[in-house]
Amino acid sequence: MLRKLLPIFIAFVSPIYAQVGGQSVYQFLNLVQSPRQAALGGKTVTIVDYDVNQAIFNPATINPKMHNQLATSYSNYFGEVTYGTANYAYTWDRHVQTFHIGANYVNYGNFDGYDELGNSTNSFTGSEGALSFGYSYNLPWTNFYAGTNVKLITSALESYNSFGVATDIGFLYIDDKNDINYGISFRNIGYQITPYETTREKLPFEITAGISQLVENVPIRWHLTFENLQQWNIAISNPNRAKNGLDGSSEAEKISFFNNALRHVIMGAELFPEKAFNIRLGYNFRRGQELNIIDQRNFSGISAGFSLRFNKVRFDFSHSRYTIAGNSSIFGLIINLD
C-alpha cells in the first residue's frame, strides 16, 4: 500500500523536481525555505548577511550578522499542502563564532483511504519534518568559510513512519575587493535509519553551486545558481511538444545539450539589497521548461518578491509561477531579538 501512496506525496511535495525527484525519500528537504530564496528562483548558496534562512542551503553562510535573528515562514503550497520553517542563530563570541538551529515541516492534508478493491476505508494524513543544527568556521587569515548542518528527519505517511539523519557540507569564498561571493553546498548526505517497511531508500543528495555580486555604483546584487550538479541529464522530453506525423506516428521532443545545461541554471537579482525596502526577481530555467504549456503563456519559472523592514522586524513575501492551475506564495518574518 505504501508504494501506492508515495507517488501521491511526491506529486504534491516536489512538482518542480519531477525529473530528479521520486528517486529518494524525504524530498521535502529540497523545498524552498524562505520568501527570499523563492523570489530569487530558489537554492541560493551565496548570501552572507542577516538572513538566517540561508544557512539551510549553505551552512558556510552562517555568520555573526545573523546573531539573535529569528526567522519564520509559511506557505500554503498546493491544495491542502502547507509548509513552514523557523531559524535562529546565536554568536557565542568572536572565537567560537556562530551557531544555527532550524526546523521545517510539511503537512500534506487529508486523504480518503481505499483498499485494493476500491472500498472506502478511513481517511489519513501525512507530514514530515526536520530539525537541524549548523555551524560555520572562518579559516584563520583567509576569506574561506566552511560549514555543516546536522539534521534529524521524521516522516509519517498514513500508518508508515520513518526516521533518518543527514548532514550538509558547505563552502564559501568572499572576494571583498570585487564584492563577489562564491559558494558550493553538498546537501542531504545521510541515512534512513528506520525505513517505512523493510527497504531503506536513498536521501535526496544534491550539489548546488553559486556566485553573486553586488554591482559597483548600482544598487543591485545579482545571483547565479547551478542546481543538481550531481546529475548531468535532468531533462525528459515534454509529451506536449511531440511532433505528430500525418500517418499517426509521434516523434518525441529532442532535448539539446544546451537546453539540458540551462535546466541547471537559476538566475536572480535584488534591487536595493542593503536597504530597508528591496525588490527581488528570479527565473528558474528547469521549472520554466518542464511546466511550460504549448500555445499558452503562463510565465512558468518566474518568481518575484519584496522585503520591508519596520524597526527590528522585516516582512518578506514572494510569489512563484508554476502553472495556470497552481502557483505558490510564501510569507516570512525576520525579527531582530537584540
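- The CG atom of N107 sits 8.0 Å away from the CG atom of N110 when rounded to the nearest 0.5 Å.
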Would E128 and Y108 count as a side-chain hydrogen bond (donor to acceptor under 3.5 Å, both in side chains) here? Give the steps. CA-CA 9 Å; E128 298 181 284; Y108 299 109; 2.2 Å; yes
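- Between Y88 and N68, the side chains place a donor N or O and an acceptor N or O closer than 3.5 Å (distance only, hydrogens not considered).
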Give the intermediate values and the outcome of side chain to side chain contact (heavy atoms under 4.5 Å, CB included) for residues F111 and E158. CA-CA 9 Å; F111 294 85; E158 206 256 347; over 6 Å; no
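- One distance of note links CG of N122 with CG of D115; it measures 11.0 Å at 0.5 Å rounding.
- Within the structure, no pair that satisfies the salt bridge (Lys or Arg N to Asp or Glu O under 4.0 Å) test touches residues 329-338, not counting sequence neighbours.
- With 3.5 Å as the limit, one finds a donor-acceptor pair spanning the side chains of T91 and T98.
- Contact annotation: the side chain of T167 never approaches that of R187 to less than 4.5 Å [non-hydrogen atoms, C-beta and beyond].
- Looking only at atom types and distance, the side chain of R321 has no donor-acceptor partner in the side chain of S300 under 3.5 Å away.
- For the pair S329/F317, a side-chain contact is recorded, criterion being any heavy-atom separation below 4.5 Å from C-beta on.
- Side-chain N/O atoms of Q192 and S162 include a donor and acceptor closer than 3.5 Å.
- For Y83, the ring-ring contact (aromatic ring centres under 6.0 Å, His included) partners are Y77, not counting sequence neighbours.
- Heavy-atom minimum distance, E290 versus R263: CG-NH1, 3.9 Å.
- The CZ atom of F331 sits 9.0 Å away from the CG atom of N76 when rounded to the nearest 0.5 Å.
- F57 approaches Q33 most closely through the heavy-atom pair CE1-CG, 3.6 Å.
- Distance check: T148 OG1 to Y137 OH gives 15.5 Å after rounding to the nearest 0.5 Å.
- With a 4.5 Å cut-off on side-chain heavy atoms, I211 and I180 count as touching.
- Grouping Ile, Leu, Val, Met, Phe, Trp and Tyr residues whose side-chain heavy atoms lie under 4.5 Å apart, directly or via other members, places L172 in a hydrophobic cluster with V48, Y145, I174.
- Between N284 and G41, the closest heavy-atom pair is ND2-O, 3.3 Å.
- Defined by atom type and a distance below 3.5 Å, a donor-acceptor pair is present between the side-chain atoms of S212 and T46.
- Partners of Y90 by ring-ring contact (aromatic ring centres under 6.0 Å, His included), not counting sequence neighbours, listed by chain and number: H67.
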Take L203 and I189 through the side chain to side chain contact (heavy atoms under 4.5 Å, CB included) test and state the conclusion after the steps. CA-CA 7 Å; L203 271 65; I189 306 168; over 6 Å; no
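- Residue I56 comes nearest to D168 through the heavy atom pair O-OD2, 3.6 Å, listed as atom of the first residue, atom of the second, then distance.
- By the ring-ring contact (aromatic ring centres under 6.0 Å, His included) test, F99 pairs with Y135, sequence neighbours left out.
- With contacts defined as side-chain heavy-atom distances shorter than 4.5 Å, the pair L70/I334 does not qualify.
- No side-chain donor-acceptor contact under 3.5 Å links S123 to the backbone of D112.
- Applying the ring-ring contact (aromatic ring centres under 6.0 Å, His included) definition to pairs two or more places apart or across chains, those involving residues 161-181 are F144-Y173.
- F226 pairs by the ring-ring contact (aromatic ring centres under 6.0 Å, His included) definition with nothing, not counting sequence neighbours.
- Grouped with I47 in one hydrophobic cluster are L40, the linkage being side-chain heavy-atom contacts under 4.5 Å among Ile, Leu, Val, Met, Phe, Trp and Tyr residues.
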Contacts table for residues 265-283: side-chain donor-acceptor under 3.5 angstrom, sequence neighbours left out:
{"residue": "E270", "atom": "OE1", "partner": "R36", "partner atom": "NH2", "Å": "3.4"}
{"residue": "E270", "atom": "OE1", "partner": "H223", "partner atom": "NE2", "Å": "2.9"}
{"residue": "E270", "atom": "OE2", "partner": "R36", "partner atom": "NE", "Å": "3.0"}
{"residue": "E270", "atom": "OE2", "partner": "R36", "partner atom": "NH2", "Å": "3.2"}
{"residue": "E270", "atom": "OE2", "partner": "R280", "partner atom": "NE", "Å": "3.4"}
{"residue": "N278", "atom": "OD1", "partner": "R280", "partner atom": "NE", "Å": "3.0"}
{"residue": "N278", "atom": "OD1", "partner": "R280", "partner atom": "NH2", "Å": "3.4"}
{"residue": "R280", "atom": "NH1", "partner": "D316", "partner atom": "OD1", "Å": "2.9"}

Evaluate side-chain hydrogen bond (donor to acceptor under 3.5 Å, both in side chains) for Y160 paired with S155, printing each intermediate quantity in order. CA-CA 8 Å; Y160 301 89; S155 175; over 6 Å; no
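- In this structure, S136 contributes its side chain and T61 its backbone to no donor-acceptor pair below 3.5 Å.
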Derivation and outcome, side chain to side chain contact (heavy atoms under 4.5 Å, CB included), residues L152 and V165: CA-CA 5 Å; L152 305 177; V165 294; 3.9 Å; yes
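- Side-chain heavy-atom separations under 4.5 angstrom define the hydrophobic clusters, and the remaining members of the one that includes Y74 are Y105.
- For the pair K151/L131, no side-chain contact is recorded, criterion being any heavy-atom separation below 4.5 Å from C-beta on.
- Note that OG1 of T225 and CG of N58 are 10.5 Å apart. Values are rounded to the nearest 0.5 Å.
- Cluster membership check: L157 does not share its hydrophobic cluster with I193, using side-chain heavy-atom separations under 4.5 Å among Ile, Leu, Val, Met, Phe, Trp and Tyr.
- W232 forms part of a hydrophobic cluster together with F257, judged by ILVMFWY side-chain heavy-atom separations under 4.5 Å.
- Under the 4.5 Å side-chain heavy-atom criterion for grouping Ile, Leu, Val, Met, Phe, Trp and Tyr, V215 is connected to L224 within one hydrophobic cluster.
- Within the 4.5 Å cutoff, no side-chain heavy atoms of L333 are placed close to those of R314.
- A donor atom on one side chain and an acceptor atom on the other are found under 3.5 Å apart for N30 and N188.
- Checked by atom type, the side-chain pair S73/T85 shows a donor-acceptor distance below 3.5 Å.
- Put simply, the side chain of S318 does not reach to within 4.5 Å of the side chain of S303, judged on heavy atoms.
- No more than 12 heavy-atom neighbours from other residues, nucleotides or ligands sit within 6.0 angstrom of CG on N311.
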Would M66 and D51 count as a side chain to side chain contact (heavy atoms under 4.5 Å, CB included) here? Give the steps. CA-CA 6 Å; M66 296 179 178; D51 192 348; 5.8 Å; no
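- A side chain to side chain contact (heavy atoms under 4.5 Å, CB included) with V45 is found for exactly one of N181, I184, T208, namely T208.
- Residue E227 holds its CD atom at 12.0 Å from OG1 of T44, rounded to the nearest 0.5 Å.
- Between the side chains of N228 and Q230, a donor-acceptor pair is found at a separation under 3.5 Å.
- Smallest separation of non-hydrogen atoms from A103 and N87: N-OD1, 4.4 Å.
- Applying the salt bridge (Lys or Arg N to Asp or Glu O under 4.0 Å) test to pairs two or more places apart or on separate chains, none has a residue in residues 207-224.
- Side-chain contact between Q37 and Q54 is present, with heavy atoms from C-beta onward closer than 4.5 Å.
- In this structure, A55 and N149 approach most closely via the heavy-atom pair O-ND2, 2.9 Å.
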